[in-house]
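Before any comments, here is the structure.
Every chain is numbered from 1, with letters handed out A, B, ... down the list of sequences.
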Amino acid sequence: MLNNIEIVLLFILAISISLVVFSTKLSLQKAYNISLITLSASFVFLLQDLGEIFSTLIQKDIFNSMLIYDSFSLLFILIFLLSSAFLLLISKEYIFDHKYFKVESLIFILFSVWGMILLSMSNDLIVAFIALEIASMSIYVLVGINKHKLKSSEAFFKYLVLGSFMGAFYLLGLTLVFIQSGTTSFIDLAKYISTHEIEQLYLVIVGGLLIMATLMFKISAFPFYAWSLDIYDGAPLPITSLMAGIFKISIFSVILRLFLSDYISLKDLYDPLIILASIFTMLAGSFLAISQDSIKRMLAASSIVHSGYLLIALSSIATIGDSASYSLVFYLIAYFLSSLGSLGVLSMINSKDDVTYESLKGFASTNPFLALMMSIFMLSLAGFPSSIGFLGKFYIFSSAIESSLTPLAILGALTAFISIYYYFKVIASMYFHKNISVLLTYSNIKSYIIIFIISFLVLYLGIGSSYFTYLPGTNDLTEFSKSIINSL
Amino acid sequence: MFKNYLILSILLFSLGLIGAVSRRNIIIIYMSIELMLNAVSIMLVSYSSFYNTNTGVVLSIMVTAIAAAEAALFMALFVTLYRKKKSLDTSLFNSLKDTNATK
Amino acid sequence: MLSNMIFIILATNLLISSFVMISTKRVIDSALSMLIALLSIAGIYATLQSSFMFITQIIIYAGAILSLVIFIIMFLNIKDKNLPHEPHKTRDMILTSLVVFPITAVLIYFIKLSDFSNLNEKTTSSIGKVGLELYQNYVLPFELISILLLISLVGSITLARKEKDV
């Protein structure tokens, strides 16, 4: 008998491979419909696993406990499937309007989601790396899909060279861990670390550091943040959304699994480095975001700042453990909703050039609905009270204070104040200028509905659920995030 | 003796690292990255041989396969780069930096 | 004693040829010294008595990947004037080595420090045992690699294909 998740994995894989085979015969419309149905059907199918906390090893005998399926990975898998389906729905017009989107692009979106699902389930260092490569190689190709634009090829070049360069560090780290401990499995590694003295762990520590460096690169944390702005800018908008929103979350899922299940006894060693990384990530991201002119680059730079907030939560895990990790999970949900929404609104604007603050002036008078939605997402990203972003920041900062990292929490609040400047500048230029905006928008009713649903979720999970106490809401979400941590 | 192999592969890795960071020719950068992966492979195979297991060899097959997968994408990259710029110079690709203007 | 001598010769050869590879100006010189480096690595696998990796190294790296690189160099017909102009190459390389040196030193220091107990004598690993290990314990990564290769195949065709202007 197959588990539900195995059926889903095989289903998505079969669909993507058959799309590869029939890619010349299918029209873009048909391929779009097929991939949308695949993603949403898998989402609906997996919803039946919600509920009880569980943890199973997939095909334990054949796969040698290399894949694990638990409530923790289920939450992340649901996020990936839902957000990629939303992404396709929101950017439908964008995909059909830009001729460089072909059937292949949809195949690579499916493959990257498949790799991310596998990444959140991986229970072994080498499987995690191959899953990471599957997801990121698909994204390399997607970044360079617009061959007629120099920027796009250039982003592809940068991402490919830097990505495979950092991949070599991961492999070196894996090897150092392996030659010391003789295993790559997370479970055996945890056993090895807890039963050996520090003298026999040097190479495990150094190897873990190299592995962390690669993962930090993928979430564009401090020493490696500079690349991400150019790459996010060069990629087509839906792909930027895929990288900044969904891919980053999948990396955090594997970081959390590594941290909570294996490196428990070594967390103290890594903690100062993570604190340092989070401080500089927040500062550098804020500095970059202030100086940008184009909205897309600003959102890309601010996603670096959000990585910094997530690293705060990661560093407080060492002291207070579980309650910090649920704040991280909650913030990931908040971040994915807001960034998907804001980049989605941006991709609904039909413009040859980049959308800048200048060209957004008077947008509220020509398209009040999208302007309102954009303002809601900006408020949520800035962490304004009554939005989900506020609650997420609140949980992260309070868990940082609880673990006596008060200066870090203060710095986080400070960068949140700075972020109000560049987020509110968007709202100000949309509402407080009398110019008539020349920006045209796509008018696809489905995309509007999805944008509305996302903004509704942002507000409902932020404040609304306290009015409707009989409906599931924020408290249930935090309870759920707490419980899934226990399934690790 | 085992440590000599490890040190050799660390030295090889560092040589690859220097090449990948300091050169501007894209094909040489690619070959330096391959060199880094080969260094990792040496480490894994020597582990396998000194500890009398086959796991290291299997992992180094994985590393080789990953290197092959990256090679395919790099070949596509060389072709697109050369078609656009008629050069292999990575520093010519800086149009993204130009838009980084602060006003 | 003899095997030590062979190891030292191969290692010196490997390091010198990889240094030439990263420092020479013309791509084809670099590719050919890469070939020597890869063959020395194959020799090192032979001193480790790993017959399978020895043959894989020669067939896949020296045979397939490197000839692909040389083919691309020929195909693009790279002239000397199309090579990057690198006036500060030596300075850049020295500066980078100064940055890389501490990393190398730390790694070597930790390797010296850690003790590897219960080392065996070098033993020959047969292809059969490698295959059993691959299919018994590492079947999932093996299958995933095939998908990774499919993705990179389709991806490189998608990217390198010429298209009409739109």
Turns out that what part of Val154(C) lies under 4.5 Å from chain A's heavy atoms comes down to both
Parallel, tilted or perpendicular for Phe129(A) and Tyr170(A), by the 30°/60° rule?
parallel
Can you say whether the rings of Tyr192(A) and His196(A) are parallel (under 30°), tilted (30 to 60°) or perpendicular (over 60°)?
parallel
What class does the angle between the rings of Tyr202(A) and Phe110(C) fall in, given that below 30° is parallel, 30 to 60° is tilted and above 60° is perpendicular?
tilted
I want to check something: taking the side chain as every heavy atom from C-beta on, are Tyr140(A) and Leu159(C) in contact at a cut-off of under 4.5 Å?
no
List the steps, then state whether side-chain contact (heavy atoms from CB on, under 4.5 Å) holds for Ser112(A) with Leu242(A).
CA-CA 9 Å; Ser112(A) 65; Leu242(A) 185 75; 3.8 Å; yes
Segment of Ile111(C) engaging chain A (4.5 angstrom heavy-atom cut-off):
both
Is Leu203(A) close to chain C through its backbone or its side chain, or both, or neither, when contacts mean heavy atoms under 4.5 Å?
side chain
Whatever's closer than 4.5 Å to a heavy atom in chain A on Gln136(C) counts as backbone
May I ask you to decide if the ring planes of Phe75(C) and Phe71(C) are parallel, tilted or perpendicular, using 30° and 60° as cut-offs?
parallel
Considering only heavy atoms, which portion of Ile17(A) lies under 4.5 Å from any heavy atom of chain C: side chain, backbone, both, or neither?
side chain
Let me know if Leu172(A) has heavy atoms under 4.5 Å from chain C in its side chain, its backbone, both or neither.
side chain
Residue among Leu148(C), Ile151(C), Leu107(C) with most heavy-atom pairs under 4.5 Å to chain A:
Ile151(C)
If I measure from the heavy atoms of chain C, does Glu133(A) come under 4.5 Å with its side chain, its backbone, both, or neither?
both
